[in-house]
Amino acid sequence: MSYVITLIPGDGIGPEVTEATREVLAATGVAIEWELREAGAAAAEQHGHPCPDDVIASVQRNRIALKGPIGTPIGRGFRSVNVTLRKALDLYACLRPVKNIEGIASRFSGVDLVIVRENTEGLYSGLEHMVVPGVAESLKIVSERASTRIAEFAFRYARANNRRRVSVVHKANIMKLSDGLFLDSVRKVSRRYAEVDTSEVIVDACAMQLVRFPERFDVLVMDNLYGDILSDLCAGLVGGLGVVPGANIGDECAVFEAVHGSAPDIAGKGVANPTALILSAALMLQYLGEREASARVEQAIRKVYRDTTVRTGDLGGNATTVEFTRAVVQAL
Ligand code: NAI
């Protein structure tokens, strides 16, 4: 059986890390036919749009994509392609497992948590305007429907993966209506999952506890903005943005991508760390039901970090992307 998967290389270091990931996947023996689609700055130049319709059509047809990072101009220019894709494909759940990797220096050990972030609304609804010159307003949209389905996703994930606790992260003490609705929706869903413990934590206290006792957390469910910020914080707990995978999942399709961005400062130099995208591809294999290949990819990454000194610059080494990838393929 062969899978047809949309490949979006993206901007900056995207083409380098997607190529590395393709090589590792080829070495697993899982037959994949890639459908290449451009989105981001290159697509904007070529087609006049950073996210041409055929990108969305390709993911809808194949129901699965592997994606490199795509840059978003700050405060001007085109709307985030990432947000566009998540909305157009209704990829409502962003899944980010964060786990220590032996051999990667970190201040913490025993970190094994999963962030489940609501991906379609909250403060990232793209609804902002100038009220009068000098006053801007951004709308934070929270619906019961979106809050309930992200809660369902988190609890289903916890049950399927033998996770014991789901912590709901919120700021309902201040945003009583919007975060209050989110919290209430999660509470209602939690009652149907008696075997999973539920805890509630205010987002600022959560940030503090995460950097003091990260090993105490299991699954965390939260809205879009908190999820965006705490995902990066959690990446920092286990060695940084270069090593944490991610997935954006909906009922119809899924897009797998790393947590990091396009890293313009090192783009084109051949020194990017492809670990995060390779681990995202392992999540993708798991999603496809290729559990054995998925486990082998993760173990190969772990073996390189545990048994060798091959490290890219972000982790203090001087290996190139190609050298690191070669080590992973050898470990496989
Ligand atoms: P970034 O993640 O691209 O870079 C932050 C720092 O981490 C940089 O010093 C970079 O060199 C380093 N870094 C990131 N990934 C690395 C890797 N794989 N190997 C080695 N070093 C790595 O974040 P930044 O600079 O805030 O964003 C750059 C662009 O990426 C922006 O336009 C932003 O909008 C976009 N972005 C896209 C995302 C996506 O497509 N999912 C996610 C986050 C940001």
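The model shown is predicted, which means the values in this text are computed figures rather than measured ones. Numbering of ligands and ligand atoms starts at 1, following listing order.
Considering backbone and side-chain atoms alike, Ala263 places an N or O below 3.5 Å from some N or O of ligand 1. Where the criterion is an N or O separation shorter than 3.5 Å, residue side chain and backbone included, Ile13 fails it with respect to ligand 1.
For the residue pair Glu257/Ser280, the side-chain donor-acceptor check at 3.5 Å is not satisfied. At a cut-off of 3.5 Å, with distance as the only test, no side-chain donor of Glu121 or Tyr92 sits close to an acceptor on the other residue.
Against a heavy-atom cut-off of under 4.0 Å, Asn273 is close to the following atoms of ligand 1: 17 (C), 18 (N), 19 (N), 20 (C). Residue Pro264 approaches ligand 1 through these ligand atoms, each under 4.0 Å from one of its heavy atoms: 28 (C). Ligand-side atoms of ligand 1 in range of Glu257: 39 (C), 40 (O), 41 (N), range being under 4.0 angstrom from any heavy atom. Of all the atoms in ligand 1, the ones that sit under 4.0 Å from a non-hydrogen atom of Asp314 are 20 (C), 21 (N). Of all atoms in ligand 1, numbered sequentially from 1 with element shown, those under 4.0 Å from a heavy atom of Gly71 are 32 (O), 35 (C). Applying the 4.0 Å criterion to heavy atoms of Ile266 picks out, from ligand 1, the atoms 11 (O), 20 (C), 21 (N).
If you look at Ser80 next to ligand 1, there are no close heavy atoms at all, none under 4.0 Å.
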Mind running side-chain contact (heavy atoms from CB on, under 4.5 Å) on Val243 and Asn273 for me, showing each step along the way? CA-CA 8 Å; Val243 299; Asn273 186 349; 3.8 Å; yes
